[in-house]
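The structure appears right after this line, and notes come after that.
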Amino acid sequence: MPTILGQNQYGKAENRVVKITRDGATHHIKDLNVSVALSGDMEEVHYSGSNANVLPTDTTKNTVFAFAKEHGIESAEQFGIHLARHFVTSQEPIKTARIRIEEYAWERIGTSDANSKFIGADEVKHSFVRKGQETRVTQITFDGEKWEVVSGLKDLVVMNSTNSEFWGYVKDKYTTLQEAYDRILATQVSSRWRFNWTDDEQKMPNWEKSYEQVKKHMLQAFAETYSLSLQQTLYQMGARIINNRSEIDEVRFSLPNKHHFLVDLEPFGLKNDNEVYYAADRPYGLIEATILRDGCEPKIPVDMTNL
């Protein structure tokens with residue numbers, strides 16, 4: 001045979017599942033976008049078209065919804081672990097399951113203290129507004145023995161309006177950028193972090209607490225670093241996470257520099273004292289790096305586009 005089959009996988013992508021947990025009049029929402037990818041003994045379906053080892057992708061979709069009912073959704077990570085374990089242990093041909101999840105956060109709508117004419121504002125515990133800060137993500141991979149959990153976030157837009165400089169850089173005949181000693185530093189954070197929990201014998205992290213703490217340390221480092229470069233800020237964000245969260249061994253960031261340029265107001269007889277900026281969306285500097293716990297090997301892909 002002149003050709004052979006290489007890496008392959010299949011599954012149902014982007015299953016949108018919303019789980020409402022009703023605690024009396026108080027409701028809680030988990031809103032997930034779940035993608036399932038399965039691999040294993042799948043040579044024959046490619047070579048001959050035999051579906052004898054194929055669990056239909058429609059079945060994987062149904063499993064996502066059934067598990068939302070049977071197991072609930074404690075966290076994106078825990079839900080993905082339930083799914084991955086099920087597919088690998090229930091279907092002999094399936095050797096590895098990879099579950100990718102995006103989570104969309106909701107927060108309760110604050111209502112007035114005065115009683116509503118219809119319900120009573122103090123009784124409203126079922127109304128929510130979608131949070132717009134970031135999308136939480138996770139990827140769970142299970143091969144029947146070992147786990148790999150890589151979680152993260154994307155589209156978290158942050159800004160420091162001062163305490164940022166950029167000067168002393170290399171200059172050549174094409175350099176026109178002026179050195180800045182007081183600039184806006186803004187970026188749209190995309191980050192992934194890898195947990196050192198890899199097997200069922202270890203104590204499982206508290207996934208919800210871990211996410212909130214990682215985000216807290218990330219934002220605090222961004223705010224508290226007097227920045228001479230976005231690279232320096234990135235490193236401090238990752239180092240703060242590694243130093244404070246023992247369950248995490250590796251953090252990777254992709255940080256586009258959302259440039260803000262001072263507008264020249266002199267033609268109008270006005271002085272721009274670091275007050276009025278033009279926000280440029282492109283082109284943009286793109287700063288990327290991985291921060292590791294000492295002694296650990298990097299495993300998060302350099303290109304996080306499809307992670």
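Just so we're clear, the structure is a prediction, and the values are computed from it rather than from any experiment. Atoms considered below: every heavy atom in the structure, side chains included; atoms not considered: hydrogens, waters and symmetry mates.
No continuous path of hydrophobic side-chain contacts links Leu262 to Phe166 [ILVMFWY only; heavy atoms under 4.5 Å]. Note: the hydrophobic cluster containing Val189 also contains Tyr211 (ILVMFWY, side chain heavy atoms under 4.5 Å, direct or indirect links). With hydrophobic clusters built from ILVMFWY side chains whose heavy atoms lie under 4.5 angstrom apart, Trp193 does not share a cluster with Leu292. Linking ILVMFWY side-chain heavy atoms closer than 4.5 Å, directly or via other members, places Ile184 and Val276 in two distinct hydrophobic clusters. Two different hydrophobic clusters hold Val137 and Trp147 under the rule that ILVMFWY side chains link at heavy-atom gaps under 4.5 Å.
Within a 6.0 Å sphere centred on CG of Asp294, other residues, nucleotides and ligands contribute 12 heavy atoms or fewer. Heavy atoms from other residues, nucleotides or ligands lying under 6.0 Å from OH of Tyr10 number more than 12. In this structure, Tyr284 places its OH atom where only 12 or fewer heavy-atom neighbours from other residues, nucleotides or ligands lie under 6.0 Å away. Annotation for Lys216: atom NZ counts as buried by contact number, over 12 foreign heavy atoms lying within 6.0 Å. Within 6.0 Å of CD in Gln202 there are more than 12 heavy atoms belonging to other residues, nucleotides or ligands.
If you take CH2 on Trp197 and CD on Glu77, they are separated by 10.5 Å, rounding to the nearest 0.5 Å. Here the CG atom belonging to Leu153 is positioned 11.5 Å from the OG1 atom belonging to Thr138, to the nearest 0.5 angstrom. Separation of atoms CD1 (Ile99) and NE2 (His82) is listed at 12.5 Å; rounding is to 0.5 Å. A distance of 9.0 Å separates CD in Glu297 from CZ in Arg194, rounded to the nearest 0.5 Å. To the nearest 0.5 Å, atom CG of residue Leu230 and atom CE of residue Met237 are 8.5 Å apart. Separating the CG atom in Leu270 from the CD atom in Glu275 is a distance of 10.0 Å, to the nearest 0.5 Å.
With respect to the salt-bridge test (charged N to carboxylate O, under 4.0 angstrom), the residues Asp58 and Lys61 qualify. In summary, Asp31 and Lys19 do not engage in a salt bridge, as defined by a charged side-chain N under 4.0 Å from a carboxylate O. The existence of a salt bridge linking Glu179 and Lys171 is confirmed by a sub-4.0 Å separation between a basic side-chain nitrogen and an acidic carboxylate oxygen. Taking the charged nitrogens against the carboxylate oxygens, Glu224 and Arg240 do have a contact shorter than 4.0 Å, which makes a salt bridge. A salt bridge does not link Glu134 with Lys154: none of the charged nitrogens is closer than 4.0 Å to a carboxylate oxygen. Taking a cutoff of 4.0 Å between a charged side-chain nitrogen and a carboxylate oxygen, Glu148 and Arg98 do not qualify as a salt bridge. Using a cutoff of 4.0 Å between basic side-chain nitrogens and carboxylate oxygens, Glu247 and Arg293 are not scored as salt-bridged. The existence of a salt bridge linking Glu102 and Arg16 is excluded, since no basic side-chain nitrogen approaches an acidic carboxylate oxygen closer than 4.0 Å.
When all heavy atoms are compared, the tightest approach of Pro301 to Arg252 is O-CD, 3.5 Å. Contact between Ile248 and Ser210 at its shortest, heavy atoms only, is CD1-OG, 4.2 Å. Taking both residues in full, the closest heavy atoms of Ala76 and Glu103 are given as CB-OE1, 3.7 Å, listed atom of the first, atom of the second, then distance. When every heavy atom of Val54 is checked against every heavy atom of Met42, the shortest pair comes out as CG2-SD, 4.3 Å. Smallest separation of non-hydrogen atoms from Tyr181 and Tyr226: O-OH, 4.4 Å. Between Ala223 and Asn160 the shortest heavy-atom distance is CA-OD1, 4.0 Å.
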Check: After noting the C-alpha distance and the side-chain angles of Val45 and Asn53, does the key distance pass the side chain to side chain contact (heavy atoms under 4.5 Å, CB included) rule?
Finding: CA-CA 8 Å; Val45 68; Asn53 286 350; over 6 Å; no
Margin query: Determine whether Leu83 and Val64 satisfy the following criterion, side chain to side chain contact (heavy atoms under 4.5 Å, CB included), listing intermediate values before the conclusion.
Written below: CA-CA 7 Å; Leu83 287 168; Val64 169; 4.2 Å; yes
Next item on the list: Let me see the working for Phe195 and Trp207 under ring pair (Phe, Tyr, Trp, His ring centres under 6.0 Å), right down to the final yes or no.
Entry: CA-CA 10 Å; Phe195 291 90; Trp207 306 110; 4.9 Å; yes
Next item on the list: Show your working on side chain to side chain contact (heavy atoms under 4.5 Å, CB included) between Thr96 and Thr141 and close with a plain yes or no.
Entry: CA-CA 7 Å; Thr96 302; Thr141 306; 3.8 Å; yes
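Residues Val149 and Met204 are not in side-chain contact: their nearest non-hydrogen atoms beyond the backbone lie 4.5 Å or more apart. Under the 4.5 Å side-chain criterion, counting only non-hydrogen atoms from C-beta, Ile242 is in contact with Val251. A heavy-atom distance below 4.5 Å is found between the side chains of Ile4 and Tyr47. Put simply, the side chain of Ile291 reaches to within 4.5 Å of the side chain of Leu234, judged on heavy atoms. Met304 places a side-chain heavy atom less than 4.5 Å from the side chain of Ser190. Looking at Phe79 and Ile140, their side chains never come closer than 4.5 Å, going by heavy atoms from C-beta outward. Between Leu219 and Leu156, the closest side-chain pair of non-hydrogen atoms falls below 4.5 Å. At least one side-chain heavy atom of Ser227 sits under 4.5 Å from a side-chain heavy atom of Leu185.
Formation of a donor-acceptor pair under 3.5 Å by the Glu212 side chain with backbone atoms of Glu208 is not found in this model. Not one N or O on the side chain of Asn272 forms a donor-acceptor pair closer than 3.5 Å with the backbone of Leu265. Side-chain atoms of Asp199 never come within 3.5 Å of backbone atoms of Lys146 as a donor-acceptor pair (strictly under, hydrogens ignored). A donor-acceptor pair is defined here as one N or O able to donate and one able to accept, closer than 3.5 Å; no such pair exists between the side chain of Lys258 and the backbone of Leu255. Side-chain atoms of Glu250 come within 3.5 Å of backbone N or O of Ile300 as a donor-acceptor pair. Judged by distance alone, with hydrogens and angles left aside, the side-chain atoms of His259 form a donor-acceptor pair with the main-chain N or O of Gly285 at under 3.5 Å. Side chain of His217 to main chain of Lys215: no donor-acceptor pair is present (N/O by atom type, distance under 3.5 Å, no hydrogens or angles). Side-chain atoms of His27 never come within 3.5 Å of backbone atoms of Asp23 as a donor-acceptor pair (strictly under, hydrogens ignored). When atom types are taken as modelled, the side chain of Asn15 and the backbone of Phe65 share no donor-acceptor pair closer than 3.5 angstrom. Looking only at distances, no side-chain donor or acceptor of Asn8 sits under 3.5 Å from a matching main-chain atom of Leu5.
Residues Arg100 and Ser35 bring no donor and acceptor atom of their side chains to less than 3.5 Å of each other. Residues Asp182 and Thr162 bring a donor and an acceptor atom of their side chains to less than 3.5 Å of each other. A side-chain donor from one of Asp249 and Asn196 sits under 3.5 Å from a side-chain acceptor of the other. With no hydrogens or angles considered, no side-chain donor-acceptor pair links Thr233 and Thr225 at under 3.5 Å. There is no side-chain donor-acceptor pair under 3.5 Å between Gln213 and Asn244.
Note that Lys69 lies outside the cation-pi zone of Phe67, set by a 6.0 Å cut-off to the ring centre and a 45° limit from the axis. Both tests do not hold together for Arg136 against Tyr104: distance to the six-membered ring centre under 6.0 Å, angle to the ring axis within 45°.
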